[in-house]
J.: 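The structure is given below, and queries will be raised subsequently.
We number each residue from 1, following the sequence as shown.
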Amino acid sequence: MPPTDVRKFAAALSASAAAFALTTGCGAESPSQPGSVSITVAGQPTQENPDQLKAFKRKITDFTKANPGITVTGDESSFDVNTFQALVAGGKLPTVFYVPFTEMQGIIARQQAADITGHVGADAAVKRVNPSILKVATSPDSRIYGVPVQAYSMGLLYNRALFTKAGLDPDAPPKTWDEVRAAAKAIHAKTGAQGFGAMTKDNTGGWVLTTMSYAFGSKIQSDDGKQANVNNNATRAALEFYRSLRWDDDTFGSDFLIGYKDITNALASGKVGMIVQGADTYTPVVQSLGMKPDDFGLAPMPQAPGGLGTLGGGSVAIINPRASAEEIKAALKWIEFAEFNKYNNEQAAVTGAKAASADKLPVGAPVLPLFDQATTDRYLTWVKDYVNVPREHFAAYFDSAKTLPLVPEPAAKAQETYGILDNVVQAVLTRRDADITALLDDAQKKVQSAIDAG
């Protein structure tokens, strides 16, 4: 989801209505059209991404033509773990807002999203979402509090151009961690670029380490979210892998305060050969950072013997808990139109793909299908003439998505857990003598305390 700013309005009347919507977080009755409803929707791109902004505004125009009784105002806010609570408490949450999978159960428990169960029709697209994905937005008593709109799985991202320069076959990426290490050495030796890289701050270091733990054979938390399991053999093995690349091979670079923007910039610019990241990274690195589509490599998450699979996550559209019944209905119509219309209607799929291609936006980018394979394949058939993404480069990833287990993020205090593990990752990469067992033992106690705090 792109970062967003506050939209400016020209007309005094629309500015007044928008101000009310931003203050309440819900739509206001339009004074000029009795019986109509107004909603604010998050996800509007900033001026820094003009093509995406143009596409977003066109989507609003198309929606309001089809639904003349609904007024939609774009909002540039996006989820931030440090500001979300204040948005809700202050009544400033947009009618439609997007949150990570990891936050949904806490949001449900705190009643920070509208219960939409009774508003979801039998033929609604949300009813066709993969049950294992929809479960993320469902309460223990089977009430639905959100609509999953995007899902991803973590994989090995790599720069195909660097692979070629290093004498590696970009169509045969590493399948094991030993092969990743060997490729990192070759990239560094023959191109001078950093062979392998990882994020380390803003909770991203712990997020990737959790992914690595799954791939090495263990979860970092019990399935019910009550017991921390940070100090395990798989997490130690993942950190030993980091240590080998950093201190033995010198293929891990020298900057160890790295965030999402830093690592994606490094991949796009050819400064790093491989990273662990979500497949949906294709769009920002190609669209916003200028990476050539043919240079973007995506492989399945390598697995150690006994590996559990790869971490999966995504985004859920929630509706402001203060929304009226009419606003909930309008918001669900927007979500259905904005996120799912292309899967239900060939004309909508073709029109959207044609417009996106004309705006130089990716069509056919690698994502984890929300629906069954038949629905996904049907959509790709509809838009085949406008696909501008080299999907043939991602064949192994697409194949793995059918068989490689998708392991959910920790059930409790995921972001706090990731933040604690950030410090562990930084210590291993900055101190040659770092005691991995002691670091994980300390992290185990801190994570368990966070879980116990509720």
J.: With rounding to the nearest 0.5 angstrom, report the CD1 to CZ distance, Ile116 to Arg143.
T.: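 One gets 10.5 Å once the value is rounded to the nearest 0.5 Å.
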
J.: Nearest heavy-atom pair of Gly206 and Leu421: which atoms, and what distance?
T.: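 Nearest heavy atoms, Gly206 then Leu421: CA-CB, 3.6 Å.
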
J.: List the atom of Lys226, the atom of Ile451, and the distance in Å for their closest heavy-atom pair.
T.: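 Heavy atoms only, the tightest pair is O-CG2, 3.7 Å.
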
J.: Report yes or no: do Asn233 and Ser218 form a side-chain donor-acceptor pair below 3.5 Å?
T.: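 The answer is no; no qualifying pair exists.
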
J.: What heavy-atom pair brings Pro148 and Leu370 nearest, and what distance separates the two atoms?
T.: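 Distance-wise, the nearest heavy atoms are O-CD1, 3.7 Å.
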
J.: Which label fits Phe296 and Phe394: parallel for a plane angle under 30°, tilted from 30 to 60°, or perpendicular past 60°?
T.: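 If you compare the ring of Phe296 with that of Phe394, the planes turn out perpendicular.
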
J.: Using 30° and 60° as the class boundaries, would you call the ring planes of Phe216 and Phe241 parallel, tilted or perpendicular?
T.: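 If you compare the ring of Phe216 with that of Phe241, the planes turn out tilted.
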
J.: Roughly how far, to the nearest 0.5 Å, is NZ of Lys402 from CD of Gln373?
T.: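 So the CD of Gln373 and the NZ of Lys402 are separated by 5.0 Å.
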
J.: Taking the side chain as everything from C-beta on, heavy atoms only, tell me whether Pro369 gets closer than 4.5 Å to Thr375.
T.: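 No - every pair of side-chain heavy atoms lies 4.5 Å or more apart.
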
J.: For atom NZ of Lys201, is the number of surrounding heavy atoms from other residues, nucleotides or ligands below 6.0 Å larger than 12?
T.: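 Yes, the 6.0 Å shell around NZ holds more than 12 heavy atoms from other groups.
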
J.: Do Glu240 and Arg243 meet the salt-bridge criterion of a basic N to acidic O distance under 4.0 Å?
T.: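 Yes, Arg243 and Glu240 are salt-bridged.
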
J.: Could you check if a side-chain atom of Val272 sits within less than 4.5 angstrom of a side-chain atom of Asn159, using non-hydrogen atoms only?
T.: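 The answer is no; the side chains never approach within 4.5 Å.
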
J.: Is a side-chain donor or acceptor of Arg391 paired with a backbone partner of Pro366 at a separation under 3.5 angstrom?
T.: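 Not a single qualifying donor-acceptor pair exists.
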
J.: Just by distance, do the side chain of Glu336 and the backbone of Ala125 share a donor-acceptor pair under 3.5 Å?
T.: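 Answer holds: yes.
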
J.: Thr200 side chain to Ile258 main-chain N or O, any donor-acceptor pair under 3.5 Å?
T.: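 It does hold such a pair.
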
J.: Just by distance, no angles: are the side chains of Gln448 and Asp452 close enough, under 3.5 Å, to form a donor-acceptor pair?
T.: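 Yes, side-chain donor-acceptor contact under 3.5 Å.
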
J.: Give the table of side-chain donor-acceptor pairs shorter than 3.5 Å for residues 299-314, with sequence neighbours excluded, one pair per line with atom names and distance.
T.:
residue : atom : partner : partner atom : Å
Gln303  : OE1  : Gly309  : N            : 3.0
Gln303  : NE2  : Met301  : O            : 3.2
Gln303  : NE2  : Gly309  : O            : 3.1
Thr310  : OG1  : Met154  : O            : 2.7

J.: Any luck finding a side-chain donor-acceptor pair between Thr102 and Gln415 under 3.5 Å?
T.: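 Present: a donor and an acceptor within the cut-off.
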
J.: Is there a side-chain contact between Val425 and Met212 (heavy atoms, below 4.5 Å)?
T.: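 A side-chain contact under 4.5 Å is absent here.
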
J.: Tell me whether Gln111 at atom CD has more than 12 heavy atoms from other residues, nucleotides or ligands lying less than 6.0 Å away.
T.: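 Atom CD in Gln111 is not packed in, count stays at 12 or less.
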
J.: Please find the pair of heavy atoms, one from Ala353 and one from Val363, that lie closest to each other, and give the distance.
T.: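 Closest heavy-atom pair between Ala353 and Val363: O-CG2, 3.7 Å.
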
J.: State whether a side-chain donor-acceptor pair under 3.5 Å links Ser77 with Asp75.
T.: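 Judged by distance alone, the side chains do pair up.
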
J.: Going by heavy atoms in the side chains, are Glu409 and Tyr418 under 4.5 Å from each other?
T.: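 Sidechains of Tyr418 and Glu409: in contact.
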
J.: What residues, two or more places apart in sequence or in another chain, satisfy salt bridge (Lys or Arg N to Asp or Glu O under 4.0 Å) together with Lys329?
T.: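 By the salt bridge (Lys or Arg N to Asp or Glu O under 4.0 Å) rule, Lys329 matches Glu326.
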
J.: Any chance the side chains of Thr281 and Tyr152 put a donor and an acceptor closer than 3.5 Å?
T.: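 No.
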
J.: Measure the spacing between CE of Met199 and CD1 of Ile263 and express it to the nearest 0.5 Å.
T.: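 Output value for this atom pair is 7.0 Å.
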
J.: What heavy-atom pair brings Tyr397 and Ala279 nearest, and what distance separates the two atoms?
T.: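 Result for this residue pair: OH-CB, 3.4 Å.
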
J.: Please check if any side-chain donor atom of Gln150 sits under 3.5 Å from a side-chain acceptor atom of Tyr98, or the reverse.
T.: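 Side chains of Gln150 and Tyr98: no pair found under 3.5 Å.
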
J.: Any side-chain heavy atom of Tyr145 within less than 4.5 Å of one from Ile107?
T.: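 Sidechains of Ile107 and Tyr145: no contact.
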
J.: Any salt bridge linking Lys360 with Asp51? Criterion: basic side-chain nitrogen under 4.0 Å from a carboxylate oxygen.
T.: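 So Lys360 does not pair with Asp51 through a salt bridge.
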
J.: What is the minimum heavy-atom distance between Ala331 and Thr95, and which atoms define it?
T.: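 Here Ala331 and Thr95 meet closest at CB-CG2, 4.3 Å.
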
J.: Name all residues meeting the side chain to side chain donor-acceptor pair (under 3.5 Å) criterion together with Asn67; count only those two or more places apart in sequence or in a different chain, and write none if there are none.
T.: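 If we apply the side chain to side chain donor-acceptor pair (under 3.5 Å) test to Asn67, skipping adjacent residues, there are no hits.
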
J.: Going from NZ on Lys261 to OG on Ser288, what distance comes out if it is rounded to the nearest 0.5 angstrom?
T.: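 Nearest 0.5 Å value for the NZ-OG distance: 10.0 Å.
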
J.: Would you find more than 12 non-hydrogen atoms of other residues, nucleotides or ligands less than 6.0 Å from Gln347 atom CD?
T.: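 No - once you tally the heavy atoms of other residues, nucleotides and ligands closer than 6.0 Å, there are 12 at most.
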
J.: Ring-plane angle category for Phe196 and Tyr242, please: parallel below 30°, perpendicular beyond 60°, tilted otherwise.
T.: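 Ring orientation of Phe196 relative to Tyr242: tilted.
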
J.: Is any side-chain heavy atom of Phe63 closer than 4.5 Å to one of Ile70?
T.: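 Yes, side chains in contact.
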
J.: Any side-chain heavy-atom pair from Gln287 and Asn49 closer than 4.5 angstrom?
T.: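 In short, these two side chains do not touch, never coming nearer than 4.5 Å.
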
J.: Counting distance only, does the side-chain N/O of Gln221 pair as donor-acceptor with the main-chain N or O of Ala411 below 3.5 Å?
T.: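 Yes; at least one donor-acceptor contact below 3.5 Å.
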
J.: Working to the nearest 0.5 Å, report the span between CG of Asn229 and OG1 of Thr417.
T.: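 One finds 11.5 Å between CG of Asn229 and OG1 of Thr417.
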
J.: Compare all side-chain heavy atoms of Tyr282 with those of Val367 and state whether any distance is below 4.5 angstrom.
T.: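 With C-beta onward as the side chain, the pair stays apart.
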
J.: Under 3.5 Å, is there a donor-acceptor pair between the side chain of Thr235 and the main chain of Asn231?
T.: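 Pair absent, no side-chain N/O of Thr235 close to backbone of Asn231.
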
J.: Anything under 30° is parallel, anything over 60° is perpendicular, the rest tilted; go ahead and classify Phe79 against Phe97.
T.: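 The rings of Phe79 and Phe97 sit tilted, inter-plane angle from 30° to 60°.
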
J.: Please determine, by modelled atom types, if Ser222 and Asp224 share a side-chain donor-acceptor pair under 3.5 angstrom.
T.: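 Ser222 vs Asp224: donor-acceptor pair found between side chains.
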
